[in-house]
*Asks:* 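Have a look at this one.
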Amino acid sequence: MAINPPVDATKTPEWAALQKHYDELQSEGISLKQWFADDAERVEKLSFDAGDLHFDLSKNLIKPETLQLFADLAKAVKLDERTKAMYTGVHINNTEDRAVLHTALRRPVEDEGKYIVDGQDTVKDVREVLDRIYAFADKVRSGEWTGVTGKKIETVVNIGIGGSDLGPVMVYEALKPYADAGISARYISNIDPNDLAEKTKGLDPETTLFIIVSKTFTTLETLTNAREARTWLLEELKAKGAIDGSDAKNAEAIKKHFVAVSTNLEKVAEFGIDPNNAFGFWNWVGGRYSVDSAVGTSLAVVFGPARFEEFLHGFHEIDEYFANTPFEKNVVVLLGMLTPVTSETGEIFWGEPGTNGQHAFYQLIHQGTQLIPADFIAFVNTPNPTKDGDQDVHELFLGNYFAQTKALAFGKTADEVRAEGTPEEIVPARVFTGNRPTTSIFGVALTPFALGELIALYEHITFVEGTVWGLDSYDQWGVELGKQLAKQITPAISKDDDALAAQDPSTQSLIKFYRANREF
């Protein structure tokens, strides 16, 4: 199937209609307090369920009629056509001429044979790799796989960067209560030598397993850290008398303490890893969309194959919902559409777990000059219920979850502040304008399934936004330029004066400062 070029959303009648609606809301005066007072069914009209997640969009700066305008624009930019193209393996990543098939990573085994892309049965291949990962994870968890001295693995250290690190770290932190095999995980990504030094501190080399995650097994940061980890392992084992330092024992230790997530089996073998212990993925899996591929091997080990499958089921639940729900009722589409009606593109995502953010950046959200839409995510149940006296601590936490969106939506007027007896000179600092848009996402429990749902939700929101803006949401050429320049500059740092002379004056000055002050 051929894919049509992106539609310029700003040139469509549907964009004009949405712009007109936006202008009308501005001229009428946006007041969430008034909108809630005027429409007793506002919450019901703007609430949605997907899987076991509940979404309340009522505190966003929209009216129920806005939803249809969003749906009309989605149709105008051919979101349905592009969604089908993505799901069926059309090369929608046009700058790299690749399919975008992270949805194939979580399709059930029954879909084998249904999604043949570039001659490849994607689901069959995915399930074969998953079966190998699960068999490996079971061996490590049961103690059948041991280190070189026969001890059970107690710590998995994942070495990767970008999508080979960020996703697994997030999932590991979110699902720690489900780690049930006495195995913990650590994640090394930064080329800063302090990262590896700190993450290996206190580890027992006899019970540590390293997973090197690099599709090509050439990523500079990952391979540098992998070599350093290999050196650490061999030196620590030798210091303990666990190995004698001979080539044969070193090779045996590497094979027992290192596995790979890579498709470059030749380089995997050169490193010393048994190619049979390498788990691959494909060029249609973008790095930022790869946590549910072999990149998540550390998670399968720590949480077990059954939990990892539950995780994949959560992704698939949202994949199916997004693909099959009418746009005007499709919360994934609507969340992707809840962006300013401008030609600006790209978003900055940041946040904090729990109430930490209240003590950091919520002041900016409440009273800053920039309007910052925010998603608040919480769960009804906690895996660690506890009480502080008679106070349920989780309910104390949820009190803040409910209160912050209420405060952002409805604010506090000067008259309300004065009524509290606040001194007049303090009143301006205590006034909150309200009308700060938020979306509440409420789940039953933070299970592997629910986390899979949430990740898939934001994957598809990104796709919707890219479709509206006419962007490729999957390449990363901007990142590549910096990598290329780093290779040119690195020789200049310590010894190559010709390379130094080729740099711009600012870079030369910084390198000279480095050379003058390097202590060792």
*Asks:* State, to 0.1 Å, how close Tyr401 and Ser440 come at their nearest heavy-atom pair, and which atoms those are.
*Replies:*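 Minimum heavy-atom separation between Tyr401 and Ser440: OH-CB, 3.6 Å.
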
*Asks:* What distance separates Leu234 CG from Ile243 CD1, expressed to the nearest 0.5 Å?
*Replies:*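 CD1 of Ile243 is found 5.0 Å from CG of Leu234.
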
*Asks:* Kindly say whether Ala499 contributes a backbone atom to a donor-acceptor pair with the side chain of Asp496 at under 3.5 angstrom?
*Replies:*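 Confirmed, Asp496 side chain pairs with Ala499 backbone.
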
*Asks:* If we ignore angles and hydrogens, is there a donor and acceptor under 3.5 Å between the side chains of Asn381 and His394?
*Replies:*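 There is no such pair between these side chains.
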
*Asks:* If the plane angle is over 60° it's perpendicular, under 30° parallel, otherwise tilted; pick one for Trp282 and Trp284.
*Replies:*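 Trp282 and Trp284: parallel rings.
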
*Asks:* I need the His102 NE2 to Glu459 CD distance, nearest 0.5 Å.
*Replies:*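 Between atom NE2 of His102 and atom CD of Glu459 there are 4.5 Å.
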
*Asks:* I'd like to know if the side chain of Asn356 reaches the main chain of Glu352, judged simply by a donor and an acceptor atom lying under 3.5 Å from each other, with no hydrogens or angles considered.
*Replies:* no

*Asks:* Looking at the rings of Tyr178 and Phe303, which for Trp means the six-membered one, are their centres under 6.0 Å apart?
*Replies:*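 Centroid separation for Tyr178 and Phe303: 6.0 Å or greater.
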
*Asks:* I'd like to know if the side chain of Asp292 and the backbone of Leu312 have a donor-acceptor N/O pair within less than 3.5 Å.
*Replies:* no

*Asks:* Would you indicate whether the side-chain heavy atoms of Thr386 and Asn384 approach each other to under 4.5 Å?
*Replies:* no

*Asks:* If you measure from the Lys or Arg side-chain nitrogens to the Asp or Glu carboxylate oxygens, is any gap between Asp244 and Lys249 under 4.0 Å?
*Replies:* no

*Asks:* To the nearest 0.5 Å, what is the distance between CG on Leu457 and CD1 on Ile441?
*Replies:* 5.5 Å

*Asks:* So which heavy atom on Phe258 is nearest to which on Ala229, and how close?
*Replies:*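 Looks like CZ-C, 3.8 Å.
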
*Asks:* I'd like to know whether CG of Asp247 has more than 12 heavy-atom contacts from other residues, nucleotides or ligands below 6.0 angstrom.
*Replies:*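 No, because the 6.0 Å sphere around CG of Asp247 holds 12 heavy atoms or fewer from other groups.
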
*Asks:* Between Gln508 and Ala501, is there a donor-acceptor pair closer than 3.5 Å when you use the side chain of the first and the backbone of the second?
*Replies:* yes

*Asks:* For the residue pair Val295 and Ser290, what are the closest heavy atoms and their distance?
*Replies:* CB-O, 3.3 Å

*Asks:* Could you go through the side-chain hydrogen bond (donor to acceptor under 3.5 Å, both in side chains) check for Ser184 and Tyr172 one step at a time?
*Replies:* CA-CA 9 Å; Ser184 62; Tyr172 175 69; 4.8 Å; no

*Asks:* Of all heavy-atom pairs between Val129 and Ala294, which one has the smallest distance, and what is that distance?
*Replies:* CG1-CB, 4.3 Å

*Asks:* Run Leu335 and Val333 through side-chain contact (heavy atoms from CB on, under 4.5 Å) and show every step you take.
*Replies:* CA-CA 6 Å; Leu335 285 170; Val333 174; over 6 Å; no

*Asks:* Say whether Tyr187 and Ser298, considering side chains only, have a donor N or O and an acceptor N or O under 3.5 Å apart.
*Replies:* yes

*Asks:* Return yes if some donor-acceptor pair links the side-chain N/O of Asn277 with the main-chain N/O of Ile273 below 3.5 Å, else return no.
*Replies:*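 Answer holds: no.
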
*Asks:* Would Asp204 and Glu154 count as a side-chain contact (heavy atoms from CB on, under 4.5 Å) here? Give the steps.
*Replies:* CA-CA 9 Å; Asp204 181 349; Glu154 296 178 356; 5.7 Å; no

*Asks:* Can you check whether Pro505's main-chain N or O pairs, donor with acceptor, with Ser509's side chain at less than 3.5 Å?
*Replies:*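 Not at all, since once roles are kept as given, no pair shorter than 3.5 Å links the two residues.
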
*Asks:* Within the distance-only criterion (no hydrogens, no angle test), does the side chain of Asp504 pair as donor or acceptor with the backbone N or O of Thr507 below 3.5 angstrom?
*Replies:*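 Checked: pair present.
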
*Asks:* Would you call Asp195-Lys199 a salt bridge at under 4.0 Å N-O?
*Replies:* yes

*Asks:* Does NZ or CZ of Arg107 lie under 6.0 Å from the centre of the six-membered ring of Tyr115, at an angle within 45° of the ring axis?
*Replies:*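 Relative to the ring axis of Tyr115, which defines the angle, Arg107 lies inside both limits.
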
*Asks:* Answer yes if the side chains of Thr219 and Ser214 hold a donor-acceptor pair under 3.5 Å, and no otherwise.
*Replies:* yes

*Asks:* Which residues satisfy the salt bridge (Lys or Arg N to Asp or Glu O under 4.0 Å) test with Lys512, sequence neighbours excluded?
*Replies:*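 Counting only residues at least two positions away or on another chain, Lys512 forms no salt bridge (Lys or Arg N to Asp or Glu O under 4.0 Å).
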
*Asks:* Just wondering, do Arg186 and Thr155 contact through their side chains at under 4.5 Å, heavy atoms?
*Replies:*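 Yes. Closest side-chain heavy atoms under 4.5 Å.
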
*Asks:* Which of these passes side chain to side chain contact (heavy atoms under 4.5 Å, CB included) with Val301: Val140, Asp138, Asn158, Ile133?
*Replies:*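 Running side chain to side chain contact (heavy atoms under 4.5 Å, CB included) over Val140, Asp138, Asn158, Ile133 with Val301 returns exactly one hit, Val140.
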
*Asks:* Measure from NZ or CZ of Arg230 to the centre of the six-membered ring of Phe271, then state whether that distance is under 6.0 Å and the direction lies within 45° of the axis.
*Replies:*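 Flagged: Arg230 positioned over aromatic ring of Phe271.
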
*Asks:* Between atom CG of Leu209 and atom CD1 of Ile183, what is the distance when rounded to the nearest 0.5 Å?
*Replies:*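 Nearest 0.5 Å value for the CG-CD1 distance: 8.5 Å.
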
*Asks:* Are Arg141 and Asp180 close enough for a salt bridge, meaning some N to O gap below 4.0 Å?
*Replies:* yes

*Asks:* Quick check against the 3.5 Å criterion: does Thr325 have a side-chain atom that pairs as donor or acceptor with the backbone of Phe322?
*Replies:* no

*Asks:* Is it the case that the side chains of Asn93 and Glu96 hold a donor-acceptor pair, with the cut-off being a distance below 3.5 Å and no angle test?
*Replies:*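 Result is yes, a qualifying pair exists.
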
*Asks:* So, do Phe315 and Phe311 have ring centers that fall under 6.0 Å from each other?
*Replies:* yes

*Asks:* So, Asp125 and Thr122: side-chain donor and acceptor under 3.5 Å apart, yes or no?
*Replies:*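 No pair is found: no donor N or O on one side chain lies under 3.5 Å from an acceptor on the other.
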
*Asks:* Work out which heavy atom in Val285 is nearest to a heavy atom in Lys215; give both atom names and the distance.
*Replies:* O-NZ, 3.5 Å

*Asks:* Begin with the C-alpha distance, continue with both residues' side-chain angles, and end with the deciding distance and a verdict on side-chain contact (heavy atoms from CB on, under 4.5 Å) for Leu237 and Glu206.
*Replies:* CA-CA 7 Å; Leu237 287 173; Glu206 295 180 76; 3.8 Å; yes

*Asks:* Check this for me: does any side-chain nitrogen of one of Arg515 and Asp497 sit under 4.0 Å from a carboxylate oxygen of the other?
*Replies:* yes

*Asks:* Test side-chain contact (heavy atoms from CB on, under 4.5 Å) on Val291 and Ile455 and set out the steps.
*Replies:* CA-CA 9 Å; Val291 68; Ile455 299 173; 4.2 Å; yes

*Asks:* May I ask you to decide whether Glu236 forms a salt bridge with Lys240, counting only side-chain N to carboxylate O separations under 4.0 Å?
*Replies:*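 Result for this pair is no, no salt bridge flagged.
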
*Asks:* How about Asp319 and Arg106: do any of their side-chain heavy atoms sit closer than 4.5 Å?
*Replies:* yes

*Asks:* Locate the shortest heavy-atom distance separating Val117 from Ala99; write the atom from each residue and the value.
*Replies:*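 Taking every non-hydrogen atom into account, CG1-CB, 4.2 Å.
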
*Asks:* Evaluate the side-chain proximity of Val157 to Thr208: yes if any heavy-atom separation is below 4.5 Å, no if none is.
*Replies:* yes

*Asks:* Tell me every residue that passes side chain to side chain contact (heavy atoms under 4.5 Å, CB included) with Asn264, counting only those two or more places apart in sequence or in another chain.
*Replies:*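 Asn264: side chain to side chain contact (heavy atoms under 4.5 Å, CB included) contacts with Phe217, Ser262, Glu266, Lys267.
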
*Asks:* First locate atom CD of Glu310, then atom CG of Leu175, and finally report the distance between them rounded to the nearest 0.5 Å.
*Replies:*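 Going from CD on Glu310 over to CG on Leu175, the span is 9.0 Å.
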
*Asks:* Any salt bridge between Glu252 and Lys255, counting N to O under 4.0 Å?
*Replies:* no

*Asks:* Tell me, do Ile372 and Leu364 make a side-chain contact under 4.5 Å, heavy atoms counted?
*Replies:* yes

*Asks:* Go through the structure and list residues passing side chain to side chain contact (heavy atoms under 4.5 Å, CB included) with Leu220, not counting sequence neighbours.
*Replies:* Ile191, Thr224

*Asks:* Less than 4.0 angstrom from a charged side-chain N to a carboxylate O is my criterion; do Glu235 and Lys238 meet it?
*Replies:*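 The answer is no: the pair does not qualify as a salt bridge.
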
*Asks:* Among Phe55, Phe402, Phe379, find the one that has a ring-ring contact (aromatic ring centres under 6.0 Å, His included) with Phe442.
*Replies:* Phe402

*Asks:* Glu309 and Tyr134: side-chain donor and acceptor closer than 3.5 Å?
*Replies:*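 Yes, side-chain donor-acceptor contact under 3.5 Å.
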
*Asks:* For the pair His460 (side chain) and Val332 (backbone), establish whether a donor and an acceptor sit closer than 3.5 Å, ignoring hydrogens and angles.
*Replies:* no

*Asks:* For the pair Arg132 (side chain) and Arg127 (backbone), establish whether a donor and an acceptor sit closer than 3.5 Å, ignoring hydrogens and angles.
*Replies:* no

*Asks:* Could you tell me the separation between the CG atom of Asp49 and the NE2 atom of His54, rounded to the nearest 0.5 Å?
*Replies:* 5.5 Å

